[in-house]
Amino acid sequence: MPEMPEVEAVSRLLRRHAVGARIVCLRIERLRITAPQDPRDVELGASGRTIDTVDRRGKNILVHLSGGSALHVHLRMTGNLRVIQDARLHNAVTSAWALLDDGRGLVFEDPRGLGTLRLHPAGTTQDFGLGPEPLSPDFSAEAFHALAKASRQPAKSFLMDQRQIAGLGNIYAAEALWQARVNPARMISSISRPKLRTLHAAIVRVLEDAVESACIAYSRPGGFREAEEYSPSVYDREGQACLRCRRPIRRIVQAGRSTYYCPRCQR
DNA sequence: CTGCCCCTGTAA
DNA sequence: TTACAGGGGCAG
């Protein structure tokens, strides 16, 4: 279920509970997840290494290992990373798991199996081709304005394009557009400067709230139940009353994905 | 831009 | 049984 806020929550959890531990061995259960790399190479490359630091870039997690290599995890739709007390207790939806030197397990769970795990060899720097981090100082209103004016995409496609902004996905893109009262189909470059400023602020506010919710949810025993913490204002509310104007929320399809919006508030 | 693919679970 | 799922890469 991860967009940037959930990935951030997972990253913080790893920083708290996994950094400093040594990976005795890594086991890839779902062989496809490392493609095009050989799963064995990933297993051998990580085994015996210590977890030094954890970085997040957009929705990507980088687990930096001693010696300079790094595990690169993308959770896609249904992935999750958890530290469990006993590595032997990993379950049926485990895509990969690492036995840590104190017996705990670092587990990559993913019922749908779309998530990926790769190894970046020491000395290589991976270019993710990502836009600015929306909660970093790089993401100023001015920077956002410049990106928007240079694009001819519909507003929602623009927000979800990782090359423009790193980490926004279907839920929070819809939420930000609703907050700022921007029609998701409107071409982003045609939006006025004041409106873009409003949208910029909405993106930051929505993500800050979501990061907070996700961190609370993920830090609870049992892991990620963020749906209980974060309830979207428009996402997945087709036919229900808009929380501002009571008109029914509409669902359309953009770029093959559902978009929810209020036809009255978002013109 | 559209559509198709990856894979599995869940809900209508 | 079908549609859809919070992601992303690819071909056309």
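So you know, we letter chains A, B, ... as the sequences are listed, proteins then strands, and number each from 1. Hydrogens, waters and symmetry mates play no part in the numbers below; they use all other heavy atoms, side chains included.
As rounded to whole Å, 15 Å separates atom C1' of dA5(C) from atom CZ of R76(A). Counting to the nearest Å, the P atom of dT8(B) and the CD1 atom of I33(A) are 13 Å from each other. Note: CE (M77(A)) to P (dG6(C)) measures 5 Å, nearest angstrom. Atom pair E238(A):CD and dG6(C):P shows a separation of 13 Å (rounding to whole Å applied). The CG-P distance, from L114(A) to dT8(B), rounds to 9 Å in whole Å. Atoms NE2 (H74(A)) and C1' (dG6(C)) sit 11 Å apart, rounded to a whole Å. Computed from coordinates, the Q153(A) CD to dT2(B) P distance equals 12 Å when rounded to whole Å. One can place CZ of R112(A) at 5 Å from C1' of dA5(C), the figure rounded to the nearest angstrom.
When each of dC1(B), dG8(C), dG7(C) is scored by its nearest atom to the side-chain atoms of Q162(A), the top-ranked nucleotide is dG8(C).
Contact check for Q153(A) versus Q164(A): side-chain heavy atoms found under the 4.5 Å cut-off. At least one side-chain heavy atom of K195(A) sits under 4.5 Å from a side-chain heavy atom of I191(A). F144(A) places a side-chain heavy atom less than 4.5 Å from the side chain of I165(A).
G113(A) comes within 4.0 angstrom of no nucleic acid atom, judged by non-hydrogen atoms across all strands. When heavy atoms are screened at a 4.0 angstrom cut-off, P232(A) is found touching no nucleic acid atom at all. Residue contacts shown for T116(A) are absent, as no nucleic acid heavy atom lies under 4.0 Å away.
Listed pair S157(A) / dC1(B) meets the phosphate criterion, a side-chain N or O lying under 4.0 Å from OP1 or OP2. In this structure, Y235(A) reaches the dG6(C) phosphate: one of its side-chain N or O atoms is under 4.0 Å from OP1 or OP2. Contact annotation: R152(A) side-chain N/O to dC1(B) OP1/OP2 distance is not under 4.0 Å. In this structure, S258(A) reaches the dA5(C) phosphate: one of its side-chain N or O atoms is under 4.0 Å from OP1 or OP2. In this structure, R32(A) reaches the dC7(B) phosphate: one of its side-chain N or O atoms is under 4.0 Å from OP1 or OP2.
A gap of 16 Å separates the P atoms of dC5(B) and dT2(C), to the nearest Å. Separation of the P atoms belonging to dT2(B) and dA5(C) is 15 Å when rounded to the nearest angstrom. Rounded to whole Å, the separation between the P atoms of dA3(C) and dC4(B) comes to 12 Å.
A donor-acceptor pair under 3.5 Å is absent between the side-chain atoms of Q37(A) and the main chain of V42(A), judged by distance alone.
Applying the 4.5 Å side-chain rule to ILVMFWY residues, one finds I252(A) in the same cluster as Y261(A).
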Treat a base pair as Watson-Crick or G-U wobble with both distances under 3.5 Å, then lay out DNA chain B in dot-bracket form, 5' to 3', with | for cross-strand pairs.
-> ||||||.|||||
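Exactly one residue among V206(A), I203(A), T259(A), L159(A) makes a side-chain contact (heavy atoms from CB on, under 4.5 Å) with L177(A). That residue is L159(A).
A centroid separation of less than 6.0 Å is found between the aromatic rings of H72(A) and F128(A).
Between the side chain of R257(A) and the base of dA5(C), no donor-acceptor pair under 3.5 Å is found.
Put simply, CD1 on I249(A) and CZ on R237(A) are 6.0 Å apart, with the number rounded to the nearest 0.5 Å.
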